[in-house]
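Note sheet for the following structure.
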Amino acid sequence: MPETHVAPVKPMVTEYVRSLLSCETQGIKILSRDKFITKKSRNVFSCSRESSVVIKTIRMTGEHVKEFLRNMDITDKNTELKIIHLVRDPRAILASMYRQPKAWVPYLKTGNGTILCENMIRNKIGFEEMIKEGMLTPKNFAEVNYDLWMENTWGTIVQIYQFLEIPLTTDIVDNIQAHFSDEVARKSYLSTFQGSDHDKDQWRTQLSQDQQRYIENKCGILIENETENYEEVTTEENELTTGNLQ
């Protein structure tokens, strides 16, 4: 697999994530000044070692995860790390990237963005190796297929909460239902809910036939396995990292 450099593994990145999950002052200060972060919790400044911390991030890779696990004290009895890896059909991801090319310049310089697939394949291999080594287990690692999630929204939500070992209380259910409300949905490029009428397969009409064939040629193994390997939250294939510190 050729090396890619669109998401280099740098100690400062993994250290920053570690500091956030540990609620360290320096990490919180950097977060408060960061203009790229589009949404922060109102409780970010009351973060403490006893807090539950959730981080959703893109562009981090399996190499980042491995480096992160190596450098975080997961033997601390007060620390429980949970990682959720969100995967999606690369055709849908690339169609989204094509809509905002300025945000994805490093990716789109090579192979119309199909360098993404090289990263996804390497992530899959890397996660499988970490599972074999015992770094990742059903206790701390799960994968969620976005397309299957959208077909079974609440079933997958229940599985995610079971994995996180967080009870689905009435208040939590109400908050989730409010988030998935068309009345409050903000349909921007980075929105986590695009409305009930959103078509997850709109890439079929957004991508030309030539683009689809090119992507399928470069990313075939991911597309072939895209739905058959993810009937539920699993422990085996890049976008969501969740840390839970209790």
Test salt bridge (charged side-chain N to carboxylate O under 4.0 Å, His left out) applied to K29 and E24, step by step: CA-CA 9 Å; K29 285 182 178 178; E24 295 180 3; over 6 Å; no

Pair R18 + E15: basic N to acidic O under 4.0 Å: yes

Sidechain-backbone polar pair: T14 side chain, P11 backbone, donor-acceptor under 3.5 Å: yes

Polar side chain donor-acceptor pair, Q212 to R204, under 3.5 angstrom: no

Heavy-atom side-chain contact between R88 and N145 under 4.5 Å: no

Carboxylate-amine/guanidinium contact E118 K218, below 4.0 Å: no

Atom pair CG/OG of L164 and S52 - distance to nearest 0.5 Å: 9.5 Å

Listed partners of D210 passing salt bridge (charged side-chain N to carboxylate O under 4.0 Å, His left out), at least two apart: R213

Hphob cluster co-occupancy, L86 + Y161, side-chain heavy atoms under 4.5 angstrom: yes

Heavy atoms from other residues, nucleotides or ligands near NZ of K109 exceed 12 (cutoff 6.0 Å): no

V144-I176 co-clustered via ILVMFWY side chain contacts under 4.5 Å: yes

Ion pair check, E128 and K124, cut-off under 4.0 Å: yes

V173 vs Q177 side-chain heavy atoms within contact, under 4.5 Å: yes

Salt bridge (charged side-chain N to carboxylate O under 4.0 Å, His left out) partners for E216, two or more places apart: R91

Centroid-centroid under 6.0 Å between Y107 and W104 rings: yes

Sole residue of L94, D89, I215, I93 in side-chain contact (heavy atoms from CB on, under 4.5 Å) with W203: D89

Distance, nearest 0.5 Å, that separates CG of L69 from CD1 of I83: 4.5 Å

Hydrophobic cluster identity match, Y214 and L207, side-chain contacts under 4.5 Å: no

